[in-house]
Protein chains: 2
Amino acid sequence: MRSRRVDYTESTRAALVDSALELFTRRGYAGTSLDAIVTGARVTKGALYHHFSGKQALFEAAFDLVETAALDRLTAAVAGDGPAWERALAGVEAYVGLCLEPSYQRIVIHEGPVVMGWERWRQAEERFSYGLVRSTVAALIEAGEIERLPLEVTARILFGALSAGAEAIAGSADPKAAAADVTKTIVAVLTGMRRAAAG
Amino acid sequence: MRSRRVDYTESTRAALVDSALELFTRRGYAGTSLDAIVTGARVTKGALYHHFSGKQALFEAAFDLVETAALDRLTAAVAGDGPAWERALAGVEAYVGLCLEPSYQRIVIHEGPVVMGWERWRQAEERFSYGLVRSTVAALIEAGEIERLPLEVTARILFGALSAGAEAIAGSADPKAAAADVTKTIVAVLTGMRRAAAG
DNA sequence: GCTCCGTCATACCACCGGTATGTGACGGGG
DNA sequence: CCCCGTCACATACCGGTGGTATGACGGAGC
């Protein structure tokens, strides 16, 4: 039988991560104090340091939470047994939408590399969104849909292009129009690669 | 006649910015204390707060210094009266090389958006590297070299692609090979757009 | 020569991340 | 059913950091 203590433990841990996630999203990593986080979770720093080794570890827990949810969305978007090209386009739409989420944008794209260090951030991304972008690009190359380019670099560049596009949307005065522009432009880039493959 | 005192003033200010630039590059913004900066500049915090309103203002001064040097390099690379296409390719090469500079990568690409806030960073970039990318893209569209795509978004996406490519190079085990891959891939993207324009 | 202002040094404060230690509740063994 | 060890926290505290208030020093101008 599941102990009562385990319930409490998991609950406090989740409350800490939730509180951290919200505050990191709103005020950023440096702008969020541990006191604010534990107050939001209605616990004290003792609890925080019992569950996490420090502020950075808590950030990574929030990071993992965001990325896991993101990966679910993206995986659903590119799933199915249709042609690789169609699924890639669906993935682009889904990723652009994802990058409009404040949590994903701030925690994963902006603060992630700075807080965790770029190398560690890169390793984490391998298991999450970037991993999916990479495998999608690999599928496109495999299917002969796009040019034979270096996989790793091509995926990185596409990933950066998508992120930059999402930031352009978020920072735009007319997000709707910007979102349409971004999708159109990314598709144009992919189409350019496609024609090159065909020719 | 220029007063000796003015020399001293400018010298201390420059020493502060130089010290900050070096330390921010090596240990990042959060990892650099004002004490370390003023020690490196052989002054005290009194001098720092006389010349700058705070740590963030000092960061922006270092940011401006890096970006000004970067803009000089890029401007020289894309200068000349050759065809827009050739000049754009030269710009790509120059920008990839630029992103390999630790200062540019860390201060402008990584920490800039986080420390200054994305909106302010974006405004600053308008006057520097991104502004040049944007005008280069505009020139390509103007010359009919590439597809007619939304200028702002296309420039943003290309900028992001270049930055991501540069990061891939810096984080690679074989930077030389990665640099070649990045240049090749970016050129492939542009070429794809070019064929689209022709077709 | 006296004053004023720019230029910095010194001393200090509030706050934050992190640690050391105390304590009460839960759950298993007798 | 009670007792006690241990887990899950709370409390109190520390060093360091960004920022501020204040004063000293020295050249410029009258």
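Quick note on labels: first sequence line is chain A, next is B, and so on, each numbered from 1.
Between C:dC16, D:dG18, C:dC8, one nucleotide has an atom nearer to the side chain of B:S33 than all others, and that is D:dG18. Minimum atom distance to the side chain of B:Y49 is reached by D:dG19, of the listed C:dC8, D:dG19, C:dT19. Side-chain atoms of B:K55 lie closest to D:dG18 of the nucleotides D:dG18, C:dC8, D:dA8. Distance from the side chain of B:T9 is smallest to C:dT7 among D:dA10, C:dC16, C:dT7. In the set C:dC16, C:dG18, C:dC8, the nucleotide with an atom closest to the side chain of A:K45 is C:dG18.
Taking all atoms of both residues into account, the shortest heavy-atom contact from A:L98 to A:R73 is N-NH2, 3.8 Å.
A distance of 10.0 Å separates CG in A:L21 from CZ in A:F59, rounded to the nearest 0.5 Å. A:I157 CD1 to B:I157 CD1: the interatomic distance, rounded to the nearest 0.5 Å, is 13.5 Å. To the nearest 0.5 Å, atom CD of residue B:E147 and atom CZ of residue B:R194 are 14.0 Å apart.
Regarding contacts with the backbone of C:dC8, a side-chain N or O of B:T12 is found under 4.0 angstrom from either OP1 or OP2. OP1 or OP2 of C:dC8 lies within a sub-4.0 Å distance of a side-chain N or O belonging to B:H51. Close to C:dT10, at under 4.0 Å from its OP1 or OP2, lies no side-chain N or O of B:T44.
One interatomic measurement links the two molecules: CZ of B:F59 to P of D:dG19, which rounds to 14 Å at whole-angstrom precision. The NE2 atom of A:H50 sits 13 Å away from the C1' atom of C:dA25 (whole-angstrom rounding). Rounded to an integer number of Å, the gap from CG of A:L34 to C1' of D:dA10 is 15 Å. Spacing between atom CZ of A:R42 and atom C1' of D:dC9 amounts to 15 Å, rounded to whole angstrom units. Put simply, CD on A:E10 is 14 Å from C1' on D:dA8, counting in whole angstrom units. One can place CG of B:L48 at 10 Å from C1' of D:dG18, the figure rounded to the nearest angstrom. As a whole-Å value, the separation of A:L23 CG from C:dC16 P is 12 Å. For B:D35 and C:dA11, the CG to C1' distance is 13 Å, given to the nearest whole Å.
Among the heavy atoms of the strands, none lies under 4.0 Å from A:S53. Across all strands shown, B:S11 has no heavy atoms under 4.0 Å from either base or sugar-phosphate atoms.
Using the six-membered ring where Trp is involved, B:F159 and B:Y95 have ring planes that are tilted, between 30° and 60° apart.
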